[in-house]
Amino acid sequence: MDAIIWNVRSVKMMQIFERLITMHRRHHFEFIGILEPMQQARKMEIYRRRIGWATAVVNVSNKIWAFIDEVYGVTIVYNMVQQLTLRLLHTETHVELMLTLVYAKCDAIERIELWDSLYSMARDMPVPWLVGGYFNVIWDEKEKFGGLPVSLNEVDDFRHCIITCNLTDLGFKGTIFRW
């Protein structure tokens with residue numbers, strides 16, 4: 001599956017969306033996840049038509065948009081403030097996978113709900129699972145440049161969640177996977 005998950009921090013600027021369209025034409029994505037679009041949810045339909053895909057889903061907080069190619073049947077599994085989890089079934093190969101897009105809260109206490117939902121899903125995950133997005137916490141304090149000091153408790157909570165859920169870092173910022 002060719003996909004992109006991008007924290008655009010606003011698709012209000014047409015040049016950002018044009019860049020996404022150009023990348024899609026070059027790479028033929030089957031899935032596009034947009035984080036923090038800073039647009040009203042009703043405008044997602046305009047972008048969906050512009051990309052030319054059959055399916056678009058927005059989460060309840062309007063911080064996560066998902067565009068899915070028509071070769072996938074889509075079922076919304078969880079639509080929560082900090083995450084959107086979709087079951088994707090390839091209509092030709094019948095290969096199934098789970099996709100969780102994350103846009104985590106800034107506050108460590110509020111992220112506990114996200115970690116708990118990931119723990120819960122991991123317990124019964126029978127298919128490959130891609131988790132990507134903006135976790136609002138770092139894996140290692142070496143990743144931190146400037147700003148407020150790193151909270152080692154927050155880093156430990158994040159690491160514990162990733163390890164407990166048996167997820168693997170794919171080497172792309174914010175993307176982890178379980179096969």
Side-chain angles (χ1 to χ4, degrees), residues 1-107 110-111 113-115 117-118 120-121 125 127-138 167 169-178:
M1 167 188 263
D2 290 320
I4 184 170
I5 301 169
W6 188 10
N7 186 358
V8 297
R9 294 198 174 100
S10 177
V11 291
K12 288 182 180 178
M13 297 181 345
M14 189 50 71
Q15 64 204 84
I16 289 176
F17 195 74
E18 291 300 324
R19 183 171 175 207
L20 182 64
I21 295 291
T22 301
M23 288 189 300
H24 173 53
R25 287 183 184 140
R26 181 177 306 136
H27 299 287
H28 309 285
F29 299 126
E30 295 176 83
F31 170 80
I32 297 173
I34 300 290
L35 308 173
E36 208 174 5
M38 302 294 203
Q39 289 280 326
Q40 296 174 350
R42 62 182 170 79
K43 293 201 175 184
M44 184 178 66
E45 181 60 20
I46 295 166
Y47 293 108
R48 183 201 61 78
R49 283 196 312 266
R50 187 91 194 280
I51 296 171
W53 281 353
T55 307
V57 180
V58 62
N59 83 318
V60 295
S61 67
N62 193 37
K63 299 280 188 183
I64 303 169
W65 289 5
F67 300 93
I68 303 101
D69 191 302
E70 60 274 353
V71 299
Y72 287 95
V74 180
T75 304
I76 298 170
V77 178
Y78 293 105
N79 186 345
M80 301 169 75
V81 171
Q82 298 183 78
Q83 60 117 328
L84 176 65
T85 297
L86 306 172
R87 177 178 288 117
L88 304 179
L89 178 64
H90 197 280
T91 56
E92 297 168 4
T93 64
H94 303 288
V95 171
E96 180 181 2
L97 69 107
M98 295 293 275
L99 172 68
T100 299
L101 297 174
V102 172
Y103 187 78
K105 294 283 193 174
C106 296
D107 184 76
E110 292 180 290
R111 283 194 301 267
E113 179 185 341
L114 172 64
W115 304 152
S117 69
L118 294 176
S120 178
M121 284 189 284
M125 188 60 63
V127 297
W129 183 27
L130 177 67
V131 181
Y134 184 63
F135 294 90
N136 215 344
V137 66
I138 57 177
L167 294 165
D169 186 348
L170 292 178
F172 304 106
K173 186 173 178 138
T175 306
I176 47 184
F177 185 71
R178 175 171 143 178

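- Among L101, I64, I32, the one residue that satisfies the side-chain contact (heavy atoms from CB on, under 4.5 Å) test with I5 is L101.
- Distance check: Y78 OH to M121 CE gives 6.5 Å after rounding to the nearest 0.5 Å.
- W115 and F135 have parallel rings, their planes meeting at less than 30° on a 0 to 90° scale where 60° marks the start of perpendicular.
- No side-chain donor-acceptor contact under 3.5 Å links R111 to the backbone of V137.
- Listed by chain and number, the residues in a side chain to side chain donor-acceptor pair (under 3.5 Å) with H27 amount to none (sequence neighbours excluded).
- Residues passing the side chain to side chain contact (heavy atoms under 4.5 Å, CB included) test with R25 are I21, sequence neighbours excluded.
- Between the side chain of Q82 and the main chain of E110, a donor-acceptor pair closer than 3.5 Å is present.
- Qualifying side chain to side chain donor-acceptor pair (under 3.5 Å) partners for T55, counting only residues two or more places apart in sequence or in other chains: none.
- Remark: side-chain polar atoms of N62 are paired, donor with acceptor, to backbone N or O of Q39 under 3.5 angstrom.
- Applying the side chain to side chain donor-acceptor pair (under 3.5 Å) test to T85 and every residue at least two apart in sequence or in another chain returns Q83, T100.
- To the nearest 0.5 Å, atom CG of residue N59 and atom CE of residue M80 are 10.5 Å apart.
- We find the CG-CG distance between L97 and L88 to be 5.0 Å, quoted to the nearest 0.5 Å.
- Residues that satisfy the side chain to side chain donor-acceptor pair (under 3.5 Å) test with Q40, not counting sequence neighbours, are R42.
- Closest non-hydrogen pair, T91 versus G73, comes out as CG2-N, 4.0 Å.
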_What verdict does the side-chain contact (heavy atoms from CB on, under 4.5 Å) test give for L86 and I76, after you've listed the backbone C-alpha separation in whole Å, the side-chain angles of each residue and the deciding distance to 0.1 Å?_
CA-CA 5 Å; L86 306 172; I76 298 170; 3.8 Å; yes
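- Residue F29 holds its CZ atom at 5.5 Å from CE of M23, rounded to the nearest 0.5 Å.
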*Under the side-chain contact (heavy atoms from CB on, under 4.5 Å) criterion, do V8 and W65 qualify, and how do the steps go?*
CA-CA 11 Å; V8 297; W65 289 5; over 6 Å; no
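- Taking the six-membered ring where tryptophan is involved, the planes of H24 and W53 are perpendicular, since the angle between them exceeds 60° and thus also 30°.
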_Audit row: F67, M44, side-chain contact (heavy atoms from CB on, under 4.5 Å) steps and yes/no_ = CA-CA 9 Å; F67 300 93; M44 184 178 66; 3.8 Å; yes
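- The shortest distance between side-chain heavy atoms of K105 and E113 does not fall below 4.5 Å.
- To the nearest 0.5 Å, atom NZ of residue K63 and atom CG of residue L84 are 15.0 Å apart.
- Across all non-hydrogen atoms, the minimal contact from L89 to H94 is CD1-O, 3.4 Å.
- Remark: F31 engages no residue in a ring pair (Phe, Tyr, Trp, His ring centres under 6.0 Å) (not counting sequence neighbours).
- Separating the CG atom in L35 from the CH2 atom in W6 is a distance of 11.0 Å, to the nearest 0.5 Å.
- Few gaps surround CD on E96; more than 12 heavy atoms of other groups in view lie less than 6.0 Å from it.
- When side chains are defined from C-beta on, I4 counts as touching L20, because their heavy atoms get closer than 4.5 Å.
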